[in-house]
J.: 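Before we start, here is the structure in question, set down as structure tokens.
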Amino acid sequence: LFGNISITTPALTTLLEREIPVTFHSHGGWFRGMAHGLGHRNVEVRTAQYRMSFDPEACLRFARDLVAAKIANQRTILRRNWRGEADERQAALNRLAAARKSTGGAAEVTELLGLEGDAAATYFRAFATLIKTPAAEDELAPFRFEARNRRPPADPVNALLSLAYAMLTRHWTVALASVGLDPYRGFFHAPRYGRPSLALDLMEPFR
């Protein structure tokens with residue numbers, strides 16, 4: 001449900017009985033929360049998740065795989081959709097390949113965050129080359145991209161990216177809760193009040 005939308009109690013009750021979650025979003029798509037039924041009853045799933053989340057080595061192994069997968073996917077997107085100069089393309093691909101390789105040797109999560117940040121900077125510097133350039137005289141062309149920005153996004157491309165990320169967070173939060181995991185206890189993103197850390201972890205390769 002987006003914005004100021006209401007749902008009747010009988011409809012909501014029926015959805016809860018059928019284990020169909022109802023998610024609530026702002027007009028702009030920001031994920032605010034969800035209503036769901038009793039959910040998964042196996043507490044041992046969450047117990048195992050919490051146990052792993054307090055094991056730094058297990059978290060690091062998990063985080064390495066996440067970041068490596070994210071960088072690999074960024075590289076694939078650039079390789080398949082590049083519209084710019086060939087030399088610049090190869091340079092960007094080489095930087096992403098090196099960043100991905102480096103994830104395997106990261107000794108701590110903060111080092112991984114640095115590698116992820118460098119790869120993201122490389123990816124978004126090249127992002128404009130993935131979009132067909134609008135006519136120069138068309139000042140209202142919606143798909144101009146200069147840099148990633150958010151809170152609030154300053155242009156239509158960034159608005160679409162932010163909306164897609166919000167929807168992806170929603171999908172992962174619902175999926176994790178439905179199988180008995182706690183979306184708020186992650187292994188890569190640090191726990192913080194109101195942050196669905198595990199959902200943010202698992203959405204990384206899809207960003």
Side-chain angles (χ1 to χ4, degrees), residues 15-25 29-77 95-124 148 150-151 161-207:
L15 291 167
L16 297 180
E17 288 174 348
R18 297 183 183 184
E19 293 292 345
I20 299 173
V22 180
T23 59
F24 299 88
H25 304 260
W30 187 258
F31 178 45
R32 288 175 168 166
M34 67 176 176
H36 58 84
L38 296 176
H40 203 282
R41 272 78 165 176
N42 188 356
V43 69
E44 294 302 324
V45 173
R46 290 185 293 280
T47 300
Q49 175 190 359
Y50 297 142
R51 185 182 298 117
M52 178 178 168
S53 72
F54 287 105
D55 181 343
E57 288 301 318
C59 289
L60 181 59
R61 289 194 300 270
F62 188 81
R64 283 190 193 122
D65 289 342
L66 285 176
V67 176
K70 178 180 182 178
I71 296 173
N73 287 344
Q74 288 174 328
R75 188 176 186 277
T76 299
I77 292 294
R95 284 195 295 271
L96 290 175
R100 181 182 181 277
K101 185 177 180 180
S102 297
T103 60
E108 53 187 29
V109 170
T110 53
E111 185 178 350
L112 272 177
L113 288 169
L115 291 169
E116 180 198 24
D118 289 344
T122 298
Y123 178 70
F124 280 113
R148 180 75 176 110
R150 56 198 182 116
R151 297 180 183 174
L161 286 170
S162 293
L163 175 61
Y165 291 167
M167 296 301 294
L168 191 55
T169 304
R170 172 260 184 202
H171 280 298
W172 271 115
T173 301
V174 171
L176 291 166
S178 70
V179 297
L181 292 167
D182 184 348
Y184 289 87
R185 187 69 194 184
F187 307 115
F188 180 42
H189 288 81
R192 182 186 299 169
Y193 180 82
R195 171 194 276 179
S197 295
L198 186 57
L200 296 176
D201 283 356
L202 293 179
M203 67 184 273
E204 284 295 346
F206 298 91
R207 293 175 61 157

J.: How long is the span from the CD atom in Glu108 to the CG atom in Leu112, to the nearest 0.5 Å?
T.: 9.0 Å
J.: Before you tell me yes or no, could you show the steps for Phe187 and Leu60 under side chain to side chain contact (heavy atoms under 4.5 Å, CB included), namely the whole-Å CA-CA distance, both residues' side-chain angles and the distance that decides it to 0.1 Å?
T.: CA-CA 8 Å; Phe187 307 115; Leu60 181 59; over 6 Å; no
J.: Of all the heavy-atom pairs spanning Ala119 and Ala99, show the shortest one and how long it is.
T.: CB-CB, 4.3 Å
J.: Going through the checks in order, is the side chain to side chain contact (heavy atoms under 4.5 Å, CB included) test met by Phe206 and Asn73?
T.: CA-CA 8 Å; Phe206 298 91; Asn73 287 344; 5.9 Å; no
J.: Does NZ or CZ of Arg195 fall inside the cone over Tyr184's six-membered ring, less than 6.0 Å from its centre and within 45° of the axis?
T.: no
J.: Testing Asp201, Asp182, Leu181 for side chain to side chain contact (heavy atoms under 4.5 Å, CB included) with Leu176, which one passes?
T.: Leu181
J.: Say you draw a straight line from CG of Leu168 to CD of Glu204; how long is it, rounded to the nearest 0.5 Å?
T.: 9.5 Å
J.: Where do Arg46 and Gly180 come nearest, in terms of heavy atoms and distance?
T.: CG-O, 2.7 Å
J.: Just how far is it from atom CE of Met203 to atom CG of Leu198, taken to the nearest 0.5 Å?
T.: 12.0 Å
J.: Of all heavy-atom pairs between Ser53 and Cys59, which one has the smallest distance, and what is that distance?
T.: O-SG, 3.4 Å
J.: Could you go through the side chain to side chain contact (heavy atoms under 4.5 Å, CB included) check for Leu66 and Leu202 one step at a time?
T.: CA-CA 7 Å; Leu66 285 176; Leu202 293 179; 4.3 Å; yes
J.: Over all heavy atoms of both residues, which pair between Thr169 and Thr173 is shortest? Give the atoms and the distance, please.
T.: O-OG1, 2.7 Å
J.: Tell me every residue that passes ring-ring contact (aromatic ring centres under 6.0 Å, His included) with His25, counting only those two or more places apart in sequence or in another chain.
T.: Phe2, Phe31
J.: Using the side chain to side chain contact (heavy atoms under 4.5 Å, CB included) rule, take Phe124 and Leu161 through it: C-alpha gap first, then chi angles, then the decisive distance, then the call.
T.: CA-CA 12 Å; Phe124 280 113; Leu161 286 170; 4.0 Å; yes
J.: Output the distance between atom CZ (Arg64) and atom OG (Ser102), rounded to the nearest 0.5 Å.
T.: 12.0 Å
J.: Hey, is the main chain of Ala190 close enough, under 3.5 Å, to the side chain of Ser197 for a donor-acceptor pair?
T.: yes
J.: Less than 3.5 Å apart, any donor N or O on the side chain of Arg75 or Thr122 sitting next to an acceptor on the other?
T.: no
J.: Picking from Glu116, Arg100, Lys101, what satisfies side chain to side chain contact (heavy atoms under 4.5 Å, CB included) with Ile71?
T.: Arg100
J.: Is there a donor-acceptor pair closer than 3.5 Å between any side-chain N or O of Glu111 and the backbone N or O of Ala107?
T.: yes
J.: Would you name the heavy atoms of Val174 and Pro21 that are closest together and state the gap between them?
T.: CG1-CG, 3.4 Å
J.: Do the side chains of Trp172 and Leu200 get nearer than 4.5 Å, heavy atoms only?
T.: no
J.: Can a cation-pi geometry be assigned to Arg185 and Phe54, taking NZ or CZ under 6.0 Å from the six-membered ring centre and within 45° of the ring axis?
T.: yes
J.: Return the CD to OG1 distance between Glu44 and Thr47, rounded to the nearest 0.5 Å.
T.: 4.5 Å
J.: I want to check something: taking the side chain as every heavy atom from C-beta on, are Arg148 and Tyr123 in contact at a cut-off of under 4.5 Å?
T.: no
